[in-house]
Amino acid sequence: PPLSKEYLSGDKPFERILIRPEQFWSAKNIELRLGTEVVAIDPAMHEVALGGGESIGYSKLIWAAGGTPRALTCSGADLKGVHAVRTRSDVDTLMQELGDGAKKAVVVGGGYIGLEAAAVFRKLGLPVTVIEREDRVLSRVAGPDLSGFYEAEHQRQGVELLLGHNVECLLGDDQGRVRAVAIESGDGNRSEVEADLVIAGIGIGGGVTSYLDARRQGIATLKIRHNGVLGYHIEVPAKAADPLMRADSGFTHRQTLAG
């Protein structure tokens, strides 16, 4: 939330929205390996292999790789001006486009990220429309009363809400930049919403792909199921499972975090 609120709005610099200042980690004897990819996990040897060729041993391993924003899959999703809000780079690009004179924003998705982005755009004086396929915002995480509260508040701030509408495609201009979002309502009516900035706020996929790739060798079957809201449950065959690979906060020795 701080990234899509205080940082995007310009209220705080990036350094002030970090969970902890950089010196915190070294003071706690935690080594950070930023920009580092884990390419393989060896449960038998209790080692993870890094992209640069180095291996790191572990006594316990936590996989906390976050998630990846779900991208729009309709025609026009690759046009200029179409963004997710997940990383500092995402927001820096958005801020640049706002500074270059973006005139109208459309947010696809009425979840937390979409509503936060819409609120910031209105704070910055940008007209914004939220398009949500369900009949209320926050439908997967909140009850009708709370959804109604947020709908009323956003509308009071000038956000246009188009509920019960599906995005058919994004339309571009001759420069390859988005100019409108084509939508269809539940009763089949089609229309276009002008936009030169589109935010895809349609959720994230759990960061399990790289985990599966790293564990693929020697594992015949991995069953994955999404829990519908927060993430994934992974079932590993007993013969391939590593009892030391689990969430555990009982660290007593020097730890390495790769991310």
Side-chain angles (χ1 to χ4, degrees), residues 1 3-5 7-10 68-87 89-142 147-148 150-205:
L3 194 64
S4 56
K5 289 182 178 178
Y7 185 61
L8 178 57
S9 66
T68 302
R70 292 194 178 98
L72 295 171
T73 58
C74 60
S75 173
D78 57 348
L79 289 167
K80 298 174 185 176
V82 181
H83 304 280
V85 181
R86 185 64 176 168
T87 67
S89 178
D90 294 334
V91 177
D92 285 343
T93 301
L94 275 173
M95 294 168 70
Q96 178 65 49
E97 295 194 8
L98 290 169
D100 289 343
K103 297 179 175 61
K104 172 67 187 297
V106 163
V107 177
V108 181
Y112 283 119
I113 294 298
L115 293 180
E116 288 170 359
V120 171
F121 288 149
R122 287 302 301 135
K123 182 178 179 180
L124 297 175
L126 194 69
V128 57
T129 298
V130 173
I131 301 171
E132 168 58 48
R133 69 180 180 180
E134 303 297 335
D135 60 1
R136 58 186 177 91
V137 303
L138 301 176
S139 62
R140 297 180 65 185
V141 295
S147 293
Y150 279 106
E151 289 168 6
E153 180 61 22
H154 277 70
Q155 289 172 324
R156 189 177 70 83
Q157 297 296 332
V159 176
E160 180 184 25
L161 297 179
L162 296 179
L163 306 178
H165 286 73
N166 287 307
V167 172
E168 290 194 315
C169 66
L170 307 185
L171 306 173
D173 60 20
D174 55 7
Q175 302 298 314
R177 183 173 187 84
V178 65
R179 64 170 181 82
V181 180
I183 60 175
E184 181 180 8
S185 66
D187 54 11
N189 291 324
R190 290 181 168 85
S191 58
E192 295 180 8
V193 182
E194 292 185 2
D196 54 5
L197 194 64
V198 173
I199 302 297
I202 55 176
I204 64 171

Is the shortest side-chain heavy-atom distance between L163 and E151 below 4.5 Å?
yes
Minimum heavy-atom separation for H165 to S185, with atom names?
NE2-CB, 3.4 Å
Considering only heavy atoms from C-beta outward, does the side chain of E97 approach that of R177 to under 4.5 Å?
yes
Qualifying residues under side-chain contact (heavy atoms from CB on, under 4.5 Å), relative to A102, sequence neighbours excluded:
L98, D196, L197
Checking D90 side chain against R86 main chain: does a donor-acceptor pair fall under 3.5 Å?
yes
Hey, are the side chains of M95 and L8 touching, using non-hydrogen atoms and a 4.5 Å cut-off?
yes
At their closest point, which heavy atom of K104 faces which heavy atom of E194, and how far apart are they?
CG-O, 3.0 Å
Of all the heavy-atom pairs spanning A118 and H154, show the shortest one and how long it is.
CB-CD2, 4.4 Å
Carboxylate-amine/guanidinium proximity below 4.0 Å for R179 and E192:
yes
One should read off an interatomic distance between L115 CG and Y150 OH, to the nearest 0.5 angstrom, of 8.5 Å
Atom pair CG/CD of L79 and Q175 - distance to nearest 0.5 Å
12.0 Å
Distance-only, no hydrogens or angles: does the R140 side chain make a donor-acceptor pair with backbone N or O of G111 under 3.5 Å?
no
Are Q96 and D100 linked by a side-chain donor-acceptor pair shorter than 3.5 Å?
yes
Could you give the distance from CZ (R190) to CG (N166), rounded to the nearest 0.5 Å?
10.5 Å
Non-hydrogen atoms of V167 and C74 that approach each other most closely
CG1-SG, 4.1 Å
Sidechain-backbone polar pair: R136 side chain, S147 backbone, donor-acceptor under 3.5 Å
no
Correct closest heavy-atom pair for A195 and V198 would be CB-CG2, 4.2 Å
Residues in side-chain hydrogen bond (donor to acceptor under 3.5 Å, both in side chains) contact with E160, at least two apart in sequence or another chain
T129
Passes side chain to side chain contact (heavy atoms under 4.5 Å, CB included), D92 versus Y7? Steps please.
CA-CA 9 Å; D92 285 343; Y7 185 61; 2.5 Å; yes
Criterion side chain to side chain contact (heavy atoms under 4.5 Å, CB included) on L94 and I199, from CA distance to verdict:
CA-CA 9 Å; L94 275 173; I199 302 297; 3.5 Å; yes
Is the shortest side-chain heavy-atom distance between I113 and I204 below 4.5 Å?
no
If I take atom CD1 from residue I202 and atom CD from residue E132, how far apart are they, to the nearest 0.5 angstrom?
10.5 Å
Can you name the residues that form a ring pair (Phe, Tyr, Trp, His ring centres under 6.0 Å) with Y112, not counting sequence neighbours?
none
The reported gap from SG in C169 to CD1 in I183 (rounded to nearest 0.5 angstrom) is 11.0 Å
Considering non-hydrogen atoms only, spot the tightest contact between S9 and K123 and give its length.
OG-NZ, 4.3 Å
Is it the case that atom CD in Q155 sees more than 12 heavy atoms from other parts of the structure closer than 6.0 Å?
yes
State the CG-NE2 distance between L72 and H83, to the nearest 0.5 angstrom.
12.0 Å
